[in-house]
Engineer: 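First the structure, then my questions, so here it is.
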Protein chains: 2
Amino acid sequence: MDVRLDDLDRKILRELQRDAGQSLDEIAKEVGSSKTPVWNRIRKMREAGIVGAQTVLLDAESLGFDACFFVLIRTSEHEKDWQDRFLAALKARPEVQEAHRLAGDIDYILKVRVKNARAYDTFYQALIAEVKIHNVTALLSMEELKFTTALPL
Amino acid sequence: MDVRLDDLDRKILRELQRDAGQSLDEIAKEVGSSKTPVWNRIRKMREAGIVGAQTVLLDAESLGFDACFFVLIRTSEHEKDWQDRFLAALKARPEVQEAHRLAGDIDYILKVRVKNARAYDTFYQALIAEVKIHNVTALLSMEELKFTTALPL
DNA sequence: ACGGAAGCGGAAAAACGTTCTATCTCGACT
DNA sequence: AGTCGAGATAGAACGTTTTTCCGCTTCCGT
């Protein structure tokens, strides 16, 4: 079920990333093809899991989300059970927008988006009450200089 | 130009975040309204800049982007001119998916998505050749535990 | 050169976005 | 309390887009 992508596929993906709202005709014109092949290729890439969710990006600030933290986590616990509970806690909390397990010194990094610093503290207290964490450093974002979900194809 | 959001607006935004591909009828049924108000409200929120770009999320791994780094940057330069050049460099590089200016000890954090560790090194060398940076720490992601662009409304 | 599979462009059918209009709701004012 | 007006709503109407279908071409293996 794997799909080998050619140049046309990549052009289509580029267009979809740029604006998923445009019509097939527009995409077809842009990539130099016609409607049917564009449609078939998108369908295949969807089935293959290359193309995932279609979404809109909302402006966090105008919705009152004024604080964004990057949270660096060190833990002394490395058993499976602890990991499972930690992961479940992260997935259950919508303010956690991103979570990565890292190589090296620091074990995890989270990106947490909340309404204000107090909301972050509430989140933080709830998290450390739920799972044991050795060391936490929070980095507060003052300004989002760049944000994109697009991959450079 | 500001829009005060009511409960219906938030329901619509929640649906759009969940799946921006569904039809107006589906959204209307889900939020308990009809097509026209849903359409008008989305249009207004678009104009107000609350609703931004519509995009698809692609699977980075199946497209060969196997490495993701978080880059912590300290600099000794804090003049306007340096900042401008640094910002321009970040915006020009598509592998930089996210960049924040931070409060405190560390000045900037970047999220950099590349095909492999070598590609990261290429990026890193190019960046430090372009702008003077005092200290850099790269955190390598082993596993993306969670990713969402959705805000918790 | 031939056969077959895969991909293509264009046409038809179904679904959808967008506009319009009449109706409804709700708050302000007398 | 009653009335008026602004703004929002449901539903129908219209034009566009998606999705399916089909015949044609291209390309590869034999």
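Order of the sequence lines sets the chain letters (A, B, ...), proteins ahead of strands, with each chain counted from 1. Every value quoted in this text rests on a predicted model; they were computed, and no experiment measured them. These numbers come from the heavy atoms of this one structure, side chains and all, not from hydrogens, waters or symmetry mates.
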Engineer: Atom CD1 of I12(B) and atom P of dA8(D): how far apart are they, to the nearest Å?
Structural biologist: 12 Å
Engineer: Do T36(A) side-chain and dG10(C) base share a donor-acceptor contact under 3.5 Å?
Structural biologist: yes
Engineer: Rounded to the nearest Å, what distance is computed from the CG atom of residue D25(B) to the P atom of nucleotide dA10(D)?
Structural biologist: 12 Å
Engineer: Which residue is it: Q17(A), R18(A), K11(A)? I am looking for the one with a side-chain hydrogen bond (donor to acceptor under 3.5 Å, both in side chains) to E15(A).
Structural biologist: R18(A)
Engineer: Can you find a donor-acceptor N/O pair under 3.5 angstrom joining the side chain of S34(A) to the base of dG10(C)?
Structural biologist: no
Engineer: Would the F123(A) and F69(A) ring centres measure less than 6.0 Å apart?
Structural biologist: no
Engineer: Could you state the atom-to-atom distance from CZ of R4(B) to P of dA8(D) in whole Å?
Structural biologist: 14 Å
Engineer: Identify which nucleotide among dC8(C), dA10(D), dA8(D) has an atom closest to any side-chain atom of R41(B), counting heavy atoms from C-beta outward.
Structural biologist: dA8(D)
Engineer: Would you mind telling me which of dG17(C), dT17(D), dA10(D) lies closest to the side-chain atoms of S23(A)?
Structural biologist: dT17(D)
Engineer: For the pair E130(B) and R93(B), evaluate salt bridge (charged side-chain N to carboxylate O under 4.0 Å, His left out) and give the outcome as yes or no after the intermediate values.
Structural biologist: CA-CA 12 Å; E130(B) 197 166 337; R93(B) 303 196 174 276; 2.9 Å; yes
Engineer: Closest to the L24(B) side chain: dG17(C), dT19(D), dC8(C)?
Structural biologist: dG17(C)
Engineer: Please name the pair of heavy atoms, one in L153(B) and one in R14(B), separated by the smallest distance, quoted to 0.1 Å.
Structural biologist: O-NH2, 3.5 Å
Engineer: Does K44(B) put a side-chain nitrogen or oxygen below 4.0 Å from OP1 or OP2 of dG7(D)?
Structural biologist: no
Engineer: Find which nucleotide of DNA chain D each of L8(B) and G21(A) is nearest to by heavy atoms, and output the residue with the more 5' nucleotide.
Structural biologist: L8(B)
Engineer: From dC8(C), dG17(C), dG9(C), pick the nucleotide closest to the side chain of K35(B)?
Structural biologist: dG17(C)
Engineer: Just the rounded figure in Å: distance from P of dC20(C) to CG of N40(B).
Structural biologist: 12 Å
Engineer: Does OP1 or OP2 of dG17(C) have a side-chain N or O of R43(B) closer than 4.0 Å?
Structural biologist: no
Engineer: Round to the nearest Å and state the distance from R46(B) atom CZ to dT18(C) atom C1'.
Structural biologist: 13 Å
Engineer: Distance check needed: dC8(C) P versus I42(A) CD1, whole Å only.
Structural biologist: 13 Å
Engineer: Which one, dG17(C), dG9(C), dT17(D), comes nearest to the side chain of W39(B)?
Structural biologist: dG17(C)
Engineer: Output the rounded distance in Å from CD (Q54(B)) to C1' (dT17(D)).
Structural biologist: 14 Å
Engineer: Kindly give the heavy-atom pair with the smallest separation between K115(A) and L63(A), and that separation in Å.
Structural biologist: NZ-O, 3.6 Å
Engineer: Give the rounded distance in Å between these two atoms: NZ of K29(A) and C1' of dG9(C).
Structural biologist: 17 Å
